[in-house]
Amino acid sequence: MRWDVREYRAEDLVDGLRRYVDGDHPLYPTNDPHMVALHVFLFETAPDPAGLLPLFAPHGKPGVDDAVMRRDAIASTVATSFMRRIVDRPDDPHRPALYDALAVVVAEFAFDPVYEDAHTETSMDVGDFFADAGFPPCGESRAAVRRRLPEMLRAWRARVTRKGTSTFFGVVLRHLGAEGGEALVREWEGLDAEERKDLLLRLKDEEHLLEGARLALVAGLLDPSLDVREAAAAALLKQGAPVPDLDPSAPDEELAKASVPLRDWARKTKS
């Protein structure tokens with residue numbers, strides 16, 4: 001792998017970096033001069049990020065070995081150059097493609113199964129960027145998350161740990177709002193109790209919920225978990241549902257009876 005690249009050709013760079021990842025090479029962390037040089041080169045050259053998307057492709061290797069870690073370091077270095085361009089160059093002509101590439105990173109790294117309970121460095125970098133209140137959502141970021149949401153959801157369904165779910169929910173709702181809420185509640189049956197609680201509490205503060213999300217709040221009242229029921233009751237109250245005296249610890253029969261008018265409210269409420 002050559003680190004003294006002077007001229008940018010996407011195919012050559014991708015090929016060289018893949019050979020670095022898959023070969024018998026030292027593992028350079030992202031603060032190593034080799035990686036810093038790559039970051040600076042990509043920032044200064046400012047190429048179309050679409051040509052570098054193969055660097056974020058699934059690795060297909062079981063277990064965490066040096067090659068997987070080299071892949072993570074390369075992806076983080078490339079992705080941070082994209083984020084730096086977004087922040088430092090608001091007139092970058094590739095701005096929509098930069099956001100699109102970062103959304104691909106969320107899909108491929110946020111729930112990388114080989115890391116199990118550990119986060120990849122790449123997913124932490126990009127997740128923090130999408131969730132950073134200092135960089136509010138914009139048209140390009142919303143379009144990228146919307147376009148890549150099916151890939152993100154497929155990766156989330158294949159998760160072997162719940163550790164990245166809360167950040168993922170936050171990214172989707174922050175950028176897609178009520179539309180994102182509808183997509184997430186369609187996954188209700190695949191959520192465990194902690195994920196349901198997290199989603200309900202996030203929906204509690206969402207403006208203009210659509211019917212599917214409102215019905216999910218009602219469904220939460222009948223969940224086996226008391227934590228989920230309490231989150232659902234809090235969300236319903238915040239959303240203006242008629243639940244002033246609702247006790248989430250009440251017997252199932254009482255909650256089922258109380259849910260009937262709440263479902264009517266969910267269906268009739270205008271978003």
Side-chain angles (χ1 to χ4, degrees), residues 106-107 110-119 123 127 130-131 145 149-271:
V106 174
F111 297 100
D112 196 330
V114 303
Y115 279 78
E116 296 184 347
D117 285 332
H119 287 300
S123 68
F130 272 116
V145 173
L149 184 58
E151 297 165 55
M152 295 180 186
L153 287 169
R154 281 197 295 272
W156 171 81
R157 293 183 197 117
R159 69 204 181 285
V160 296
T161 176
R162 269 53 178 166
K163 196 166 185 178
T165 294
S166 184
T167 299
F168 173 58
F169 287 171
V171 168
V172 173
L173 290 171
R174 186 165 187 262
H175 290 267
L176 299 184
E179 174 191 348
E182 289 294 282
L184 294 176
V185 299
R186 285 195 287 271
E187 306 294 331
W188 184 261
E189 293 303 320
L191 303 178
D192 65 17
E194 191 60 34
E195 291 172 328
R196 289 180 178 183
K197 175 185 174 182
D198 184 276
L199 180 56
L200 290 169
L201 291 177
R202 290 181 180 277
L203 293 174
K204 174 173 71 74
D205 298 318
E206 192 64 45
E207 295 183 359
H208 311 302
L209 287 183
L210 301 177
E211 181 178 316
R214 292 193 299 269
L215 286 170
L217 304 188
V218 180
L221 286 177
L222 297 173
D223 195 87
S225 165
L226 179 58
D227 285 345
V228 174
R229 294 183 183 196
E230 289 176 343
L236 285 163
L237 186 61
K238 181 71 178 292
Q239 288 290 327
V243 290
D245 301 317
L246 184 65
D247 179 4
S249 64
D252 287 358
E253 311 84 69
E254 291 185 24
L255 291 173
K257 184 178 179 180
S259 295
V260 174
L262 288 172
R263 280 192 287 271
D264 289 339
W265 164 83
R267 294 188 177 102
K268 293 176 181 177
T269 299
K270 300 297 183 183
S271 58

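Since the structure is predicted, the reported quantities are computational estimates derived from the model, not experimental observations. Each residue takes its place number in the sequence, starting with 1.
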Quiz item: To the nearest 0.5 Å, how far apart are CZ in Arg196 and CD in Glu189?
Solution: 5.5 Å
Practice problem: Mind listing the closest non-hydrogen atom pair of Ala250 and Leu255 along with its distance? | Solution: O-CD1, 3.5 Å
Quiz prompt | Val106 side chain reached by Trp156 side chain, heavy atoms, under 4.5 Å | solution = no
Quiz item: Which heavy-atom pair separates Leu191 from Arg159 by the least distance, and what is that distance?
Solution: CA-NH2, 4.4 Å
Quiz item: Which atom pair, heavy atoms only, marks the closest approach of Gln239 to Leu217?
Solution: CG-CD1, 3.9 Å
Quiz item: Are any of the side-chain heavy atoms of Arg174 and Phe130 separated by less than 4.5 Å?
Solution: no
Quiz item: Do you know which two heavy atoms are closest between Asp198 and Ser166, and how far apart they sit?
Solution: OD2-OG, 2.8 Å
Quiz item: Looking at Leu236, Leu262, Asp264, which hits side-chain contact (heavy atoms from CB on, under 4.5 Å) with Pro242?
Solution: Leu262
Quiz prompt | Glu230 side, atom CD; Ser249 side, atom OG - distance, nearest 0.5 Å | solution = 7.5 Å
Self-check item: Nearest atoms (heavy-atom pairs only) where Leu246 meets Pro248
Solution: O-CD, 3.5 Å
Self-check item: Closest heavy-atom pair and its distance - Leu209, Ala178
Solution: CA-CB, 4.3 Å
Self-check item: Close side-chain approach of Asp192 to Thr165, heavy-atom, < 4.5 Å
Solution: no
Practice problem: Could you tell me the separation between the CD atom of Glu254 and the CG atom of Asp247, rounded to the nearest 0.5 Å? | Solution: 8.0 Å
Quiz prompt | Worked verdict on Leu153 versus Phe168 for side chain to side chain contact (heavy atoms under 4.5 Å, CB included) | solution = CA-CA 9 Å; Leu153 287 169; Phe168 173 58; 3.9 Å; yes
Quiz item: Roughly how far apart are Met152 CE and Leu184 CG, rounded to 0.5 Å?
Solution: 11.0 Å
Practice problem: Enter the distance from Trp188:CH2 to Leu199:CG here, rounded to the nearest 0.5 Å. | Solution: 6.5 Å
Quiz item: If you round to the nearest 0.5 Å, how far is CD of Glu195 from CG of Leu200?
Solution: 12.0 Å
